[in-house]
**Q** 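Here it is: the structure, laid out below.
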Amino acid sequence: MITATKPFSPPLEMFQDKVSEIFKNKWFTNHGPMVTKLEQNLKKYFNVPYLVLVSNGTIALQIAIKALELKGEIITTPYSYVATTSTIIWENCIPRFADIDPITLNIDPLKIKEQITSNTKAILATNVYGYPCDFDEIKAISNEYGIPVIYDNAHGFSTKFKNSDILNFGDISTISFHATKLFHSVEGGAIVCQDEKTYKKLLLLRNFGHTSPNTFDGVGINGKMNELCAAMGLVNLNFAEEICKKRKSQWLFYKDKLSDYPINSMNYNLTEIDFNYAYFPIIFESETKLLNVIKHLEKNNISVRRYFNPSLNTLNYIPIKDECPISEDISKRVLCLPLYHDLTVEEQNLILTKIKEIC
Ligand SMILES: Cc1ncc(COP(=O)(O)O)c(C=O)c1O
């Protein structure tokens, strides 16, 4: 069986050593030494001014929206994982969708501009598959209209733009360390911001609003990462470079082998971008073709993921319907090929052979 994703598993003894330390300390959660160390190490790894670890990438988005005190419409991308939209609704804001660029699959700045009204309070954009949004254009819009930008950078571990980590863009940027991500802490996430005032707010929001054991400032939530997850993160960080290197070679292998086939894969412009090659999406000519390929792969014990599907503007709980024809079309025809650290060249070849049998 070839699965769509598989978590990176570090040597068990390395994780066991950390777990032994946790048991010795008897400190399982509430900002223990593992979380503190992982926060320091990731801050250094990303070279960001402020970083707050949280329990997952979804709560990271919720806390980001809370920290910016957003109430009203947020312009967002229809092409992302459901959490990008559901967090907006969960925080009692209204998502307004701006369609995507058909080449990068990221939100199109021109479409953002078309959606701006006096009700617009912010932009929430995803760096889809780890590829940066058009940061310069989005920054110009943000400045022109005086609205903040949140980047959902769940996929973007270790991508750089103009030599700066991708997390350094926007007012707030979030990341997921879910087990399926390039770098993971089983469950986990982080929020990055650029100023101390926002950082202090993030700390309060993550921890029930505690300013001391018996005093509170505002409504907070439990967004804390626990020590076991942080331990996994600390161990996995030792392998980050190796994981990224392998991912790039696997990505380029797929790209090369598909080059003589009528199958669309991503043609990224990598000028000024140090890309993380986290996912390998392919886009078929029709949904029927995609469904036939999935059926054939499943018959051969290969599972793939329709990622992203559906287009988020079509979710049944969206209060205002916005049409996004590009996202609606692509999300019906896209799937991500298996891509994870343990995937072998033989498995990649088998996947490609089976796809080519249908295409
Ligand atoms: C684009 C995007 N945003 C948000 C999330 C949510 O992250 P988490 O699963 O850590 O809550 C994910 C997770 O897969 C994602 O892909």
Side-chain angles (χ1 to χ4, degrees), residues 3-8 35 38 42 51-66 74 76-91 93 95 97-98 100 104-107 122-133 149-159 166-167 169-170 172-192 206 221-226 228-230 232-233 236 247 266 276-281 304-313 315 327 330-331 334-336 338-340:
T3 49
T5 64
K6 201 180 271 184
F8 173 78
V35 165
L38 183 60
L42 285 172
L51 179 144
V52 174
L53 277 181
V54 289
S55 47
N56 58 63
T58 306
I59 204 90
L61 286 168
Q62 284 176 235
I63 290 176
I65 294 170
K66 275 272 192 303
I74 299 178
T76 189
T77 176
Y79 192 78
S80 185
Y81 182 60
V82 70
T84 317
T85 293
S86 61
T87 48
I88 294 175
I89 304 261
W90 197 275
E91 291 303 323
C93 293
F97 295 93
I100 55 170
T104 66
L105 309 184
N106 282 333
I107 196 165
I123 298 166
L124 169 44
T126 299
N127 297 315
V128 172
Y129 305 133
Y131 185 82
C133 285
V149 181
I150 300 171
Y151 284 111
D152 178 347
N153 189 44
H155 301 164
F157 182 85
S158 109
T159 292
I166 191 172
L167 282 163
F169 296 86
I172 296 185
S173 189
T174 65
I175 186 164
S176 165
F177 303 139
H178 182 258
T180 55
K181 299 292 188 280
L182 206 110
F183 162 82
H184 77 89
S185 61
V186 186
E187 290 274 2
I191 313 170
V192 167
R206 170 179 70 169
I221 197 165
N222 180 357
K224 290 172 276 129
M225 180 181 275
N226 67 62
L228 287 150
C229 287
M232 180 63 89
N236 284 346
R247 191 65 63 103
M266 304 302 286
N276 71 1
Y277 300 92
Y279 296 85
F280 198 91
V304 284
R305 195 166 171 205
R306 296 190 70 176
Y307 199 61
F308 301 107
N309 175 268
S311 185
L312 300 174
N313 58 313
L315 290 166
S327 172
I330 287 175
S331 61
V334 68
L335 62 80
C336 280
L339 197 57
Y340 45 83

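Note that ligands are numbered from 1 as they come in the structure, with each ligand's atoms numbered from 1 the same way.
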**Q** State, without any angle test, whether S176 and H178 hold a side-chain donor-acceptor pair at a distance under 3.5 Å.
**A**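 Side-chain D/A pair, S176 to H178: absent.
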**Q** Using the benzene-type ring in the case of Trp, are the ring centres of F169 and Y151 under 6.0 Å apart?
**A**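 Here the rings of Y151 and F169 have centres that are no less than 6.0 Å from each other.
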**Q** Nearest to atom 6 (C) of ligand 1, what protein heavy atom do you find, and at what distance?
**A**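 Of every protein heavy atom, T58 OG1, 3.4 Å lies nearest to atom 6 (C) of ligand 1.
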**Q** Closest approach of L105 and I330, non-hydrogen atoms and distance?
**A**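 Between these two residues, the closest heavy atoms are CD2-CD1, 3.5 Å.
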**Q** Which residue and atom name correspond to the protein heavy atom nearest atom 2 (C) of ligand 1, and how close is it?
**A**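 It is A154 CB, 3.3 Å.
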**Q** Using a strict 4.0 Å cut-off to heavy atoms of Y307, name the atoms of ligand 1 that fall inside it.
**A**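 Near Y307, the atoms of ligand 1 are 14 (O), 16 (O).
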**Q** For E187, which part has a heavy atom under 4.0 Å from ligand 1: side chain, backbone, both, or neither?
**A**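 None of E187 does.
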**Q** Is there a polar contact between ligand 1 and Y81, counting only N or O atoms under 3.5 Å apart?
**A**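 No: no nitrogen or oxygen of Y81 is under 3.5 Å from one in ligand 1.
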**Q** Among all protein heavy atoms, pick out the one at the shortest distance from atom 3 (N) of ligand 1; state its residue, atom name and that distance to 0.1 Å.
**A**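 Result for atom 3 (N) of ligand 1: D152 OD2, 2.6 Å.
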**Q** Hey, does G189 sit under 4.0 Å from ligand 1 if you only count heavy atoms?
**A**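 No.
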**Q** Verify whether the ring centers belonging to Y340 and F8 lie closer than 6.0 Å.
**A**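 So the answer is no for these two rings.
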**Q** Using a 4.0 Å cut-off to any heavy atom of S176, which atoms of ligand 1 qualify?
**A**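 The atoms of ligand 1 under 4.0 Å from a heavy atom of S176 are 7 (O), 8 (P), 10 (O).
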**Q** Considering non-hydrogen atoms only, spot the tightest contact between P95 and T76 and give its length.
**A**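 Scanning both residues completely, I find the closest heavy atoms to be CB-CG2, 4.0 Å.
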**Q** Please check if any side-chain donor atom of S327 sits under 3.5 Å from a side-chain acceptor atom of S311, or the reverse.
**A**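 Per modelled atom types, S327 and S311 side chains form a pair under 3.5 Å.
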**Q** Got a second to check how far W90's CH2 is from K66's NZ, nearest 0.5 Å?
**A**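 Answer rounded to 0.5 Å: 11.0 Å.
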**Q** Considering only non-hydrogen protein atoms, determine which one is nearest to atom 14 (O) of ligand 1 and report residue, atom name and distance to 0.1 Å.
**A**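 Looking only at protein heavy atoms, the one closest to atom 14 (O) of ligand 1 is K181 NZ, 2.7 Å.
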**Q** With heavy atoms only and a cut-off of under 4.0 Å, state how Y129 meets ligand 1: side chain, backbone, both or neither.
**A**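 Neither; no heavy atom under 4.0 Å.
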**Q** Hey, would you say the H155 and F308 ring centroids sit under 6.0 Å apart?
**A**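 They qualify: ring centres under 6.0 Å apart.
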**Q** Are any of the N/O atoms on F308, whether in the backbone or the side chain, positioned under 3.5 angstrom from an N/O atom of ligand 1?
**A**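 No, there is no polar N/O contact under 3.5 Å.
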**Q** What is the nearest protein non-hydrogen atom to atom 8 (P) of ligand 1, stated with its residue, atom name and distance?
**A**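 Nearest neighbour among protein heavy atoms for atom 8 (P) of ligand 1, to 0.1 Å: G57 N, 3.5 Å.
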**Q** My understanding is that only residues two or more places apart in sequence, or in another chain, count here; which of them pass side chain to side chain donor-acceptor pair (under 3.5 Å) with T85?
**A**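 For T85, no residue satisfies side chain to side chain donor-acceptor pair (under 3.5 Å) once neighbours in sequence are set aside.
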**Q** Hey, is ligand 1 close enough to S80 that some N/O pair sits below 3.5 Å?
**A**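 No; the residue has no nitrogen or oxygen that sits under 3.5 Å from a nitrogen or oxygen of the ligand.
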